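To start, the structure itself, in C-alpha cells.
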There are 2 protein chains.
Amino acid sequence: MPRSPDLLFRSLADPTRRAIFEGLCRHGEQTVGALTAKAGVSQPAVSKHLGVLRQAGLVRERHEGRLTHYRAQPKALAPLLDWTSRMATFWESRFDDLENLLNRMDQ
Amino acid sequence: MPRSPDLLFRSLADPTRRAIFEGLCRHGEQTVGALTAKAGVSQPAVSKHLGVLRQAGLVRERHEGRLTHYRAQPKALAPLLDWTSRMATFWESRFDDLENLLNRMDQ
DNA sequence: TTAATTCATAACCGCTTGGTTATGGGTTTG
DNA sequence: CAAACCCATAACCAAGCGGTTATGAATTAA
C-alpha cells in the first residue's frame, strides 16, 4: 500500500538518515555494523535511524545469524515523486499559455 | 543557484508548511491573511512558515501596499527530483539484468 | 560452557522546532 | 491626525528529536 509523502519527507529530512539511505542505494545491502562505521554516530543511533527508515518503507531488513542486513527499497520513493510532480502540475495548469509559463519559471 | 536537497526536505517535512506550499501551487498567489485563514494556525506562525519556505527558495514575496503576496516557485523543487531519481539510478545500476531489477522491485 | 560479537531497546539529555501572545512598523481609511 | 489593518519580529514555552551510555537478547567462537 502506498504511503502518504508525510513519513517520507520527515524521514529524509535528517542528513544522517538520508546519508544512510543513500549509502544503501549506492552500495547495496549492508549490515548495521558497516553502516555504523560510515555514519559518524553511535550504533544505537544508526539502529534508530534504520527503524525510522523501515517504518517509512524505505528500507527492509534481512536477518542472518547475529547479523542484520539492510537494503534500500527505492520503490517507496514513488509517493515523493508523485507529490512533487503534482505540485508542478497544479502550478502549470494555472496558465493557458506555455510561453507565459516558461517566462515565469525563469523569473 | 541550485540549493542542496537538505533545505528542501527540511522545509517540506512539516505538514502545515507543506499545506501552505500546496495551496500556493494549487490556487496561485495569495496574501498572508488568506493563507492564515486556511492554515489553522496563527498569523505569526504562517509568517514563520513562509520565511522558511522563502529561505528554501520555494516561495517568493511581492509587496503591494500593506499587503504581501506570496507565490510558489515550483522550479525550486528540481533538486528534490534530481536527488530522488539519482537514488533510483544508483540502485538500478547495481544490476545488469533488467528482469532481475523488476523482480526485486516487486519484492 | 564461557567469552565475544552483533544489534535493539531503554533511559536520559540538550537542542531544535512549531506553536503561542505581545508588540511595533508601515499603510490605508475615516 | 487618529484609527484600523496587514504583516513581521520578539520572547517565550511545551513537545519532539537526535544524540548519548547502559544493558540485554541472540548468535557465534574458543
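Predicted, not measured: the structure shown is a model, and the values here were computed from it.
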Practice item. Report the distance from atom CD of A/Q30 to atom P of C/dC7, rounded to the nearest whole Å. Key: 11 Å
Review point. Roughly how far, to the nearest 0.5 Å, is CG of A/L80 from CG of A/L7?
Key: 11.5 Å
Practice item. Can you pull out how bent the helix from C/dT1-D/dA30 to C/dG30-D/dC1 is, comparing the axes over its first five and last five pairs, to 10°? Key: 10°
Revision key, fill the gap. On a heavy-atom basis, the closest approach of A/R17 and A/R10 is NH2-O, 3.2 Å
Exercise for review: Measure the distance from CG on A/L12 to P on D/dG18 and round it to the nearest whole Å.
Suggested key: 12 Å
Could you go over nucleotides 14-17 of chain D and give all protein N or O partners under 3.5 Å, atom names and distances?
none

Check your understanding: Roughly how far apart are A/E61 CD and A/T68 OG1, rounded to 0.5 Å?
Key -> 6.5 Å
Review point. So which residues get pulled into B/L67's cluster when ILVMFWY side chains under 4.5 Å apart are joined, directly or through others?
Key: none
Practice item. Starting at atom NE2 of A/H49, determine the distance to atom P of C/dC7, rounded to an integer number of angstrom. Key: 16 Å
Revision key, fill the gap. Taking for A/V52 and for A/E64 the nucleotide of DNA chain D with the nearest heavy atom, the one nearer the 5' end belongs to A/V52
Review point. Parallel, tilted or perpendicular for B/W83 and A/F21, by the 30°/60° rule?
Key: tilted
Review point. OP1 or OP2 of D/dG19 sitting under 4.0 Å from any side-chain N/O of A/T16?
Key: yes
Review point. side-chain hydrogen bond (donor to acceptor under 3.5 Å, both in side chains) with A/T31: which residues, sequence neighbours excluded?
Key: none
Review point. Do NZ/NE/NH1/NH2 and the carboxylate oxygens of B/R26 and B/E22 come within less than 4.0 Å?
Key: yes
Check your understanding: Does A/S42 make a side-chain N or O approach to OP1 or OP2 of D/dG19 shorter than 4.0 Å?
Key -> no
Might you list the N or O atoms of the protein lying below 3.5 Å from N or O atoms in nucleotides 7-12 of chain D, with each pair's distance?
unit_1 : atom_1 : unit_2 : atom_2 : d
D/dC7  : OP1    : B/V32  : N      : 3.3
D/dC7  : OP1    : B/T68  : N      : 3.3
D/dC7  : OP2    : B/G33  : N      : 2.7
D/dA8  : OP1    : B/Y70  : OH     : 2.7
D/dA8  : OP2    : B/S47  : OG     : 2.3
D/dA8  : N7     : B/Q43  : NE2    : 2.8
D/dA8  : N6     : B/Q43  : OE1    : 3.3

**Study point:** Which residues share a side-chain hydrogen bond (donor to acceptor under 3.5 Å, both in side chains) with A/T36, sequence neighbours left out
**Key:** none
Practice item. For side-chain hydrogen bond (donor to acceptor under 3.5 Å, both in side chains), just list the numbers for A/E64 and A/H69, CA-CA rounded to whole Å, side-chain angles, deciding distance to a tenth of an Å, and then say yes or no. Key: CA-CA 7 Å; A/E64 180 189 4; A/H69 302 266; 2.6 Å; yes
Review point. Expressed in angstrom and rounded to an integer, what is the separation of A/F9 atom CZ from C/dT17 atom C1'?
Key: 18 Å
Check your understanding: Going through the checks in order, is the side-chain contact (heavy atoms from CB on, under 4.5 Å) test met by A/V59 and A/R71?
Key -> CA-CA 6 Å; A/V59 301; A/R71 65 180 186 281; over 6 Å; no
